[in-house]
Structures are given as C-alpha cells and as structure tokens.
Participant: 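One structure, as structure tokens, below. Some questions next.
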Amino acid sequence: MAGRTRDFLHTIWNTKGLARYMFWAGAAITAVFVVCAIFAPWIAPYGFDQTSAHGVNFPKLGPYDSHHLLGTNDQFYDIASRMIWGARTGIEVVILSVILAGLIGVPLGLLSGFVGGWVDRVLVFLMDALYAFPSLLLAIVFSFLLKGKLGSGILAAALSLTAIYIPQYFRVVRNTTVSAREATYVEAARAIGARPMTIMRKYLFSNVVQSVPVLATLNAADALGTLAALGFLGLGIQPTEASEWGYDLSRALDDAQGGNWLPAFWPGLMIVLLITALTLVGEGLNETVNPALRRRRLKPVVFSARVPADVAATGPSGGTHGVLDGPDDRPGGGHEEAAT
Amino acid sequence: MSSSAGSGSLARYILVRIILVIPMMLILLTVVFLLLRVAPGDPVSASVGGRLPPAILAQKRAALGLDQPLYQQYLEYLGHVVRFNFGTTISDNQPVLSVIRDKGGATLTLTVGAFLIALVLGLPLGRLAGRYRDSGADAVIRIFGIVTYAAPIFWVGVLLVAFVAAHFPSWPTYGIASAQTTFVVPTHTHILIVDSIIANYWSGVFDILKHCVLPCITLGLLITGVIIRLVRVNVIQALKGDYVEAARARGVPEGRVVRKHAFRNALVPVITVIGLQVALTLSGAVLTETTFNWPGVGTALVNYLNERDYTAVQGLVTFFAVVVVIVSLLVDILNALVDPRVRY
C-alpha cells in the first residue's frame with residue numbers, strides 16, 4: 001500500500017502544467033479546513049450556540065471588535081466561532097455521506113457488473129432513474145422524511161445526501177467491472193478455480209476502485225453545496241444541533257437586503273473556499289490519474305561538456321533540454337502559435 | 001444491431017428511446033410514491049392535524065383515498081399521473097396542476113434567461129480556455145468556472161442583492177414584476193412576459209426584464225461554470241484529432257482551425273451534457289426563486305414543504321420527475337439527429 005501511495009505521489013509530481021499546482025493549492029486549503037474541524041473547540045473563541053460570555057450577552061448584529069473578530073449575527077452568535085464550528089459540521093456530514101454512498105454503491109456496482117443478466121439491467125435502470133432526478137430535490141425529499149424520525153442533526157443530513165451519490169459510484173464501478181470482467185487475469189483466476197466471491201474481492205475490486213477517489217473528492221465538494229442548500233431552505237441542520245453555514249446564510253438574507261452584507265458574506269466564503277479546494281483536488285487527481293488528460297513534466301537532462309558553447313548559450317534554458325517521454329509531450333499547437 | 005445507416009435506423013432509435021421512457025417513468029414514480037406515501041405514515045395529520053376534529057380528519061383521509069390498501073393507492077396514483085392529475089394540495093385545497101400552471105411560467109422565464117446568459121458567456125470562454133491551454137487566460141477562466149460552480153447560488157444572489165440595493169436603490173431586487181404590471185396584464189398563457197407582449201404593454205415587458213436581470217445572472221453563472229468546463233475539455237480533445245492536424249497541414253489559419261474544425265466537433269458532446277444540466281438547473285431554480293422571492297414552482301415547493309403538505313410535495317416532485325424524463329428524451333433524439341454515431 002505504501003508503495004502504491006508513493007507511486008501515486010510520484011505520478012502527481014511528474015505531471016506537467018496547471019494540474020499539479022491546482023492539486024496542491026486545493027490540498028493546502030482543504031488541510032486548513034480539516035485542522036479547523038478537528039481542533040474547533042480549541043480554535044473557536046466561543047461555542048457554536050453560545051450567546052453570552054462571562055455574564056455579558058452578545059450584541060445582535062454587533063460589529064467586529066476585540067471580542068468578536070467578525071462581529072455577531074442576528075441570533076446573537078459569534079460569527080467567527082460559527083465559521084470554525086461550521087467546518088467541523090460540513091466535514092463530518094460530507095465524510096459520512098460519501099463513505100456511506102461508497103459502501104453501498106461500490107459493492108452494488110461490482111456485483112451488478114460481474115453477475116450481469118437481469119440483475120444488472122434492473123439495477124442499471126434504477127440507478128439511472130435516480131441519477132436523472134434533480135439531486136437537490138432528492139435530498140429535499142429525504143430530509144423532509146427523515147426530519148420526523150431522526151430530527152435535524154448531522155446524521156439525518158448525511159443520510160439525506162447519501163442517496164444522491166450512490167448511483168454515481170454504482171455507474172463508475174459497474175462500467176469498469178464490465179470491461180475488466182473479460183480481462184485475461186480474471187480468466188486466469190477462473191481457470192485456477194477461484195470462486196466468484198474471490199474473483200470479485202481479490203481480482204476485480206482493487207482494479208476497479210481506482211476511479212473512486214476522484215469521484216469521492218468531487219462528490220464531497222458537491223455534497224457540501226447540497227448540505228448548504230438544504231440549510232438555506234431551512235431543511236438542514238438546526239442551529240442548536242450544530243453550526244451550519246447554509247443556515248447562517250439564510251438568516252442573513254434579510255440583513256443583506258437592508259445593506260448589512262457581512263453576516264451573509266462569511267458563511268458563503270467558507271462554502272466557496274472548501275468546495276473550490278475539494279474541486280481542485282478532484283480535478284488535479286483526475287488530470288493526473290487519467291492518462292488521456294495527463295501531460296508529463298519534461299525531465300531536465302544536462303548534456304555533457306562536449307556541447308559547443310554557442311548552442312548552450314542560445315536560450316535561458318542553457319544546457320537543459322527536454323526529453324520527450326510520451327506522445328502528449330509534443331510541443332502542441334495552440335501555445336506555440338499563440339506565442340508567435 | 002444492424003450497421004445500416006439511414007432514416008430507418010434513426011426512426012427505430014427514436015421509437016426504442018420513446019418506449020424506454022415508460023419503465024424509466026414508472027421507476028421514478030414508484031420511488032416518489034414509496035418515499036412520500038409509505039414512509040411518513042399519515043399526510044393529513046402531519047399537515048393539518050391538531051387543528052381539526054378527528055371526524056373531519058378521517059373524512060379528509062377518505063377523500064384522499066388514504067384508507068385504502070397500499071397497492072390500490074399506488075395504482076390510483078399511477079392512473080392519475082397518466083391523466084396529468086397530480087393531486088390536490090391539503091393546505092390550500094388547490095389542484096397541483098393549477099399551481100404548476102400559475103407558477104410554471106415564472107420558472108420557465110427564469111431558466112430560459114439563465115440558459116441564454118450561460119451560453120453567451122460559457123461557449124466563448126470555454127473555447128478560449130481550451131485553445132490556449134495552460135496559459136494565463138486558461139488559468140483565470142478555469143478558476144472563474146470552478147468558483148462560479150462552487151459558489152452557492154443563493155450566496156451569489158444575496159451578494160448581488162446587497163450590492164444593487166446599496167448602489168442602485170431603484171433597481172428591483174425581488175419578485176418578477178412590479179404590482180402595477182401584474183395587475184394590468186391580462187392572463188393568456190400564464191407566462192407574464194409573453195402575456196405582456198400580447199397585450200402590447202411594453203413598459204410592462206421592460207419592467208419584467210428589469211426584474212429578470214439579477215435572478216437570471218445568478219442562475220446563469222451556475223450553468224456557465226459547467227459549460228466552460230465541458231467546452232474546454234472537449235476542445236482540448238478535438239484539437240488532438242487527426243482532422244485538426246490535417247487542416248493545419250493544409251495551412252488553414254489556427255483561429256479558423258479552432259473555430260471551424262475543432263469547436264464544431266467539440267459541441268456534439270456538449271449538447272448532451274447541456275441537456276443533462278436540466279436537473280441541475282431545476283435544483284438551482286428552487287434556490288434562486290427562494291433567494292429572489294420569485295413566484296415560481298420552486299418557491300411553491302418550499303412553501304408546501306414548510307406547511308408539511310405531503311400531497312402538494314408529492315405532486316410537485318412528480319411533476320419535476322416527468323419534466324426530467326421528457327427533457328432527457330428530447331435531448332437524446334436531438335443528439336441522434338445531430339450525431340449519426342449515436343444511433344448505430
């Protein structure tokens with residue numbers, strides 16, 4: 001596993017162009033949010049539902065000062081604390097829903113692709129129908145139903161989101177399984193008498209899950225947006241259960257119309273930053289993992305001293321020249337002509 | 001499948017695709033029914049329980065057919081949907097179809113306006129980013145695409161409202177038209193802007209267009225992000241094609257290669273995916289309408305959700321499902337007409 005991780009990082013390192021920087025920028029921002037989420041009780045100055053400290057009530061819609069870094073909102077909460085606690089809520093919900101969706105979608109896809117026949121057809125049809133449905137509406141319906149049973153906490157929110165993402169894992173895993181099923185290594189396994197379960201677990205699974213991390217990262221970004229949308233519509237997590245950015249935004253709508261836009265600005269900024277970061281990581285991963293999109297970095301090669309001095313002095317790159325190590329490395333059309 | 005290309009295979013493709021709509025619709029309707037009718041128990045007491053005496057509650061239940069066995073309710077539900085009967089709301093006792101008729105025009109206006117903005121912005125920007133891949137312009141356009149996609153649509157809306165309210169106080173920031181316009185324009189099509197044109201009431205048209213600007217930009221930016229990403233990737237793929245190389249070898253100028261050769265072919269997959277964005281657009285419309293107090297189907301849905309009106313929610317969600325299925329059918333047919341490879 002460690003070797004595989006190293007290979008993976010190596011691939012990212014050797015990728016050329018924007019994809020690499022985007023990946024690292026996204027990873028860095030995500031890391032900041034993860035730190036906020038884990039250490040929220042120590043970083044945040046106040047609790048997420050705290051409206052007074054040391055016997056002094058917080059002001060309503062107070063401006064920023066030494067006690068409240070970003071001011072307070074219309075429910076007397078400290079905005080800075082809500083933002084930090086919100087990272088914890090968002091990441092908890094997203095991780096829970098993405099893992100649950102993966103746990104259901106991946107085995108289903110594997111089974112459907114491997115078994116084939118009518119099981120496959122029915123499952124594909126069901127998943128396609130679910131996938132075609134507007135995801136926010138699906139989440140709305142689920143949270144509407146779960147509200148009575150589970151209340152409006154983190155678990156209910158995560159479960160409402162889970163159903164949206166199952167079909168995506170299913171589709172990706174099922175399609176890769178179908179194409180891998182007839183591969184020589186599977187035939188070989190069958191020939192030595194491996195049972196279907198063994199083939200699925202030992203041979204197909206590890207070949208098929210490779211596309212899951214990209215999908216999971218992009219889904220995490222999407223789930224965060226949907227969670228905020230639920231909160232904005234008043235169907236998400238209630239403020240007494242946990243701090244949620246979308247809910248805070250909905251509370252700030254009226255203030256914005258009155259001209260006070262800061263209480264709305266901060267939660268939105270948090271959502272944008274985290275979604276952008278996750279998308280950057282996902283896209284970066286996609287461009288590095290997907291060979292069709294990948295462009296490798298040119299490896300610098302230093303020629304020996306026998307190179308004549310006038311050639312070595314032609315450009316700023318001096319004695320370093322590119323080595324082509326893939327068809328994609330042809331200095332391609334667009335830029336060249338754009339530069340001239 | 002036979003490999004013979006021609007009108008026969010196209011007709012057959014369309015026929016098969018239309019027949020496939022039936023099971024797809026059936027599955028969606030079943031999911032909607034199971035979720036909303038089976039899970040929660042009793043819709044009547046959830047929405048008006050505690051406010052009415054038990055006898056009237058039982059009467060309401062019977063009127064909705066909730067005292068019948070489940071399979072009978074299911075068959076009845078399907079039978080109603082086939083006849084475009086989406087039920088009657090519990091909270092204000094209106095046929096869901098008339099709610100859709102009254103509010104659908106506003107939602108249609110919003111989504112069409114948003115799509116126009118998205119196409120005008122997204123197609124050229126995506127082409128630019130694809131052509132000059134990895135350049136500064138590409139980086140800026142891609143980050144714009146990601147951020148507009150990442151920014152919660154309601155946040156963009158709220159900030160736009162705050163900005164406009166501060167700098168242009170007379171510009172309308174909520175609703176679809178001023179009270180005068182809605183009062184003066186007679187109803188024909190239930191689409192206010194069309195009615196206004198029919199009535200030759202041009203100050204009303206102007207008023208509605210002014211109201212449209214902010215919501216359409218808000219929803220349009222969301223779709224723009226998607227279109228930019230799509231067009232960019234497809235232009236990059238198309239530029240790798242042999243025919244592009246061939247065009248370049250013939251000495252066709254690069255701008256023309258991109259415009260006439262690569263971009264045209266890059267658009268084929270884009271049509272499909274733009275069609276699939278209808279689901280995203282509907283989700284976005286619900287949020288945009290809530291933000292701008294836009295009198296559309298989305299606002300109605302949110303109101304009924306807060307009223308805990310199960311039949312209204314079920315009817316509206318069913319309607320959305322029908323729309324999605326029909327649009328995906330139309331997109332597939334359009335795609336088969338444009339791209340012969342689809343209908344093998």
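A, B, ... follow the sequence lines: proteins, then strands. Residue 1 opens every chain.
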Participant: In terms of heavy-atom proximity below 4.5 Å to chain A, should L301(B) be classed as side chain, backbone, both, or neither?
Facilitator: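 It is the side chain, since no backbone atom gets that close.
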Participant: Non-hydrogen atoms of chain B under 4.5 Å away: do they reach the side chain of L235(A), the backbone, both or neither?
Facilitator: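 The answer is the side chain of L235(A).
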Participant: Chain A heavy atoms under 4.5 Å from A166(B): which part of the residue, side chain, backbone, both or neither?
Facilitator: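 Interface part for A166(B): neither.
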Participant: Indicate yes or no for a side-chain donor-acceptor contact from E289(B) to the backbone of G298(B) under 3.5 Å, with no hydrogens or angles considered.
Facilitator: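 Side chain of E289(B) to backbone of G298(B): a pair is present.
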Participant: If you look at every heavy atom in W245(A) and M83(A), which pair is closest and at what distance?
Facilitator: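 Minimum heavy-atom contact is NE1-O, 3.1 Å.
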Participant: What part of L126(A) gets closer than 4.5 Å to chain B, counting heavy atoms only: side chain, backbone, both or neither?
Facilitator: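 When you check distances to chain B, atoms from both the backbone and side chain of L126(A) fall under 4.5 Å.
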Participant: Applying the side chain to side chain contact (heavy atoms under 4.5 Å, CB included) test to T318(B), which of V313(B), V323(B), V81(B) qualifies?
Facilitator: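 It is V81(B), the one option of V313(B), V323(B), V81(B) that forms the side chain to side chain contact (heavy atoms under 4.5 Å, CB included) with T318(B).
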Participant: Mind telling me whether F86(B) and F319(B) have parallel, tilted or perpendicular rings, with 30° and 60° as the class edges?
Facilitator: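 The arrangement is perpendicular - the two ring planes meet at more than 60°.
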Participant: Pick one of side chain, backbone, both or neither for T291(B), based on which atoms fall under 4.5 Å of a heavy atom in chain A.
Facilitator: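 For T291(B), backbone and side chain are both near chain A.
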Participant: So which of Q314(B), R229(B), M25(B) has the biggest tally of heavy-atom pairs under 4.5 Å with chain A?
Facilitator: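 Among the listed options, the one with the most contacts to chain A is R229(B).
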Participant: Donor-acceptor pair, distance only, cut-off 3.5 Å: does the side chain of S143(A) make one with the backbone of G236(A)?
Facilitator: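 Such a contact is absent between S143(A) side chain and G236(A) backbone.
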Participant: Measure S328(B) against the heavy atoms of chain A and call it side chain, backbone, both or neither at under 4.5 Å.
Facilitator: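 The answer is neither part of S328(B).
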Participant: Can you tell me which portion of V324(B) sits under 4.5 Å from chain A's heavy atoms? Options are side chain, backbone, both or neither.
Facilitator: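 Looking at V324(B), just its side chain touches chain A.
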Participant: At a heavy-atom distance under 4.5 Å, which candidate from L138(A), L233(A), T279(A), I140(A) has the highest pair count against chain B?
Facilitator: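 The answer is L233(A).
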Participant: As an exercise: rank A221(A), G225(A), A228(A) by heavy-atom pairs under 4.5 Å with chain B and give me the winner.
Facilitator: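 It is A228(A).
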Participant: For I27(B), is it the side chain, the backbone, both, or neither that has a heavy atom closer than 4.5 Å to a heavy atom of chain A?
Facilitator: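 For I27(B), the contact with chain A is made by the side chain alone.
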Participant: Write down the atom of L110(B), the atom of W294(B), and the distance for their closest heavy-atom approach.
Facilitator: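 Closest approach of L110(B) to W294(B): CB-NE1, 3.7 Å.
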Participant: Give the minimum heavy-atom separation between D138(B) and Y132(B), together with the two atoms involved.
Facilitator: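 Looks like CB-O, 3.2 Å.
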Participant: Identify the two heavy atoms, one from V244(B) and one from A238(B), that lie closest to each other, and give their separation to 0.1 Å.
Facilitator: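 That would be CG2-O, 3.2 Å.
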Participant: Please classify the contact between V302(B) and chain A as side chain, backbone, both or neither, with a heavy-atom cut-off of under 4.5 Å.
Facilitator: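 Just its side chain gets close to chain A.
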Participant: Against chain A, label L287(B) side chain, backbone, both or neither, depending on which of its atoms sit under 4.5 Å from a heavy atom there.
Facilitator: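 When you check distances to chain A, atoms from both the backbone and side chain of L287(B) fall under 4.5 Å.
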Participant: If you count the non-hydrogen atoms of other residues, nucleotides and ligands that lie under 6.0 Å from OH in Y174(B), is the total more than 12?
Facilitator: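 Counting other residues, nucleotides and ligands, OH of Y174(B) stays at 12 neighbours or fewer.
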Participant: What part of F265(A) lies closer than 4.5 angstrom to a heavy atom of chain B: side chain, backbone, both or neither?
Facilitator: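 Backbone plus side chain of F265(A), per the 4.5 Å heavy-atom cut-off to chain B.
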Participant: Checking S112(A) side chain against L108(A) main chain: does a donor-acceptor pair fall under 3.5 Å?
Facilitator: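 The answer is no, because no donor-acceptor pair under 3.5 Å joins these two groups.
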Participant: Output the option from L273(A), L269(A), L130(A), L274(A) having the highest count of non-hydrogen pairs under 4.5 Å with chain B.
Facilitator: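 Of L273(A), L269(A), L130(A), L274(A), L269(A) has the most heavy-atom pairs under 4.5 Å with chain B.
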